[in-house]
Amino acid sequence: MIEWTHVLIAAFSLQLLALPGEKGQMVIAALATKYSPYMVVAGAATAFGGWTVLEILLGNALKGAFPELYLDGITAGLFVLFAVWILFTSQFDDDADQGTGAMHTDGGVAVVDGSVEAVPARFAGFVPSFSLMTFGEFGDKTQLITIALAAQYGAHPAIWVGEMLAIIPVSIVTALFFSRAASYINMKWVRYG
């Protein structure tokens with residue numbers, strides 16, 4: 001049996017490497033500028049924890065279905081695809097922002113603002129964060145890591161613990177930083193980072 005600490009360190013390290021620039025962290029950063037950063041992280045952490053369990057179960061089901069080399073190759077290829085996609089789409093963001101200085105959206109409606117009014121004030125940051133993470137994490141690169149780890153090690157509980165040890169502190173730092181410094185940050189450089 002694989003040693004607990006080996007799996008924990010692998011899950012922690014890989015998750016920590018994938019978190020910078022991850023869309024979930026950007027959602028946390030954005031919501032923390034409006035709501036309590038602690039409630040935002042609580043909602044996000046709840047969604048992350050639930051997703052991680054499902055990802056581990058899926059990875060465990062894939063264990064032995066394909067050779068490990070194929071799973072590693074697919075995972076690495078998807079990471080390269082995500083990196084190219086981020087760089088490619090940020091080029092269009094720069095072109096659209098030049099000269100205006102205004103932020104632009106993807107054309108969607110602001111459903112978060114209207115839906116929060118139906119939630120008690122103490123849960124105002126939790127509900128949008130949980131909702132956005134539940135739906136926004138689907139197909140994320142952090143999910144690929146979890147599935148790949150579970151395909152390699154099976155449904156090992158150290159995967160969940162290691163990932164939560166990386167995700168929650170990084171999310172807290174992200175939320176606190178952006179809640180205090182949002183007006184001083186150029187988001188173009190954050191995307192590049």
Side-chain angles (χ1 to χ4, degrees), residues 1-63 68 71-72 74-76 78-79 82-83 86 112 119 122-182 190-191 193:
M1 184 170 163
I2 303 291
E3 188 178 333
W4 173 276
T5 55
H6 174 78
V7 176
L8 180 113
I9 291 169
F12 175 82
S13 302
L14 289 171
Q15 209 50 248
L16 196 60
L17 289 171
L19 285 171
E22 193 246 347
K23 66 184 171 189
Q25 295 302 310
M26 295 300 168
V27 168
I28 289 170
L31 290 174
T33 63
K34 184 171 183 170
Y35 304 110
S36 163
Y38 300 106
M39 289 307 290
V40 169
V41 172
T46 303
F48 284 140
W51 264 118
T52 303
V53 169
L54 294 174
E55 295 155 12
I56 290 171
L57 293 174
L58 176 61
N60 189 49
L62 289 175
K63 186 177 182 177
E68 189 175 323
L71 290 172
D72 290 344
I74 291 168
T75 302
L78 287 170
F79 268 93
F82 284 139
I86 288 170
V112 174
V119 177
R122 67 179 179 265
F123 297 117
F126 183 91
V127 172
S129 178
F130 177 79
S131 303
L132 289 170
M133 288 303 155
T134 298
F135 296 105
E137 279 297 295
F138 187 75
D140 202 1
K141 62 186 175 181
T142 56
Q143 286 187 327
L144 297 175
I145 290 171
T146 308
I147 293 167
L149 285 169
Q152 183 175 358
Y153 298 117
H156 204 293
I159 296 171
W160 190 90
V161 173
E163 291 192 4
M164 292 302 109
L165 286 173
I167 290 171
I168 293 172
V170 168
S171 297
I172 290 170
V173 169
T174 299
L176 290 174
F177 177 78
F178 279 91
S179 72
R180 289 175 173 82
V190 171
R191 283 192 300 264

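Using a 4.5 Å heavy-atom cutoff, the side chains of I56 and I147 are not in contact. The shortest side-chain heavy-atom distance between W4 and V161 falls under the 4.5 Å cut-off.
A donor-acceptor contact shorter than 3.5 Å links the side chain of W160 to the backbone of G49. Remark: side-chain polar atoms of W51 are not paired, donor with acceptor, to backbone N or O of Q143 under 3.5 angstrom. Counting only distance, with no hydrogens or angles, the side chain of S129 and the backbone of G43 share no donor-acceptor pair below 3.5 Å.
Put simply, CD on E22 and CD on Q15 are 7.5 Å apart, with the number rounded to the nearest 0.5 Å. We find the CG-CD1 distance between L8 and I159 to be 10.0 Å, quoted to the nearest 0.5 Å. To the nearest 0.5 Å, atom CG of residue L14 and atom CG of residue L16 are 9.5 Å apart. Atom CZ of F135 and atom CZ of F130 lie 8.5 Å apart (nearest 0.5 Å).
Considering every non-hydrogen atom in both I167 and L19, the closest pair reads CA-CD1, 3.8 Å. Scanning all heavy atoms of the two residues, the minimum distance from A175 to I28 falls at CB-CG2, 3.7 Å. Here the closest heavy-atom approach between residue S179 and residue A32 is recorded as CB-O, 3.1 Å. Between A158 and A11, the shortest heavy-atom contact is O-CB, 4.2 Å. Nearest heavy-atom pair, G154 versus N60, reported as atom, atom and distance to 0.1 Å: CA-OD1, 3.3 Å.
Here side chain to side chain donor-acceptor pair (under 3.5 Å) pairs that include residues 166-177, with residues two or more places apart or in two chains, are Q25-S171, Q25-T174.
Applying the side chain to side chain contact (heavy atoms under 4.5 Å, CB included) rule to M39 yields the partners S36, F123, F126; only residues at least two apart in sequence or on another chain are considered. Legend: residues meeting side chain to side chain contact (heavy atoms under 4.5 Å, CB included) with A10, ordered by chain and number and at least two apart, are L149, Y153. In this structure, V173 has no side chain to side chain contact (heavy atoms under 4.5 Å, CB included) partners at least two apart in sequence or on a different chain. Judged as a side chain to side chain donor-acceptor pair (under 3.5 Å), and not counting sequence neighbours, the contacts of T146 are E55, E163. Checked against side chain to side chain contact (heavy atoms under 4.5 Å, CB included), L57 has the following partners two or more places apart in sequence or in another chain: V53.
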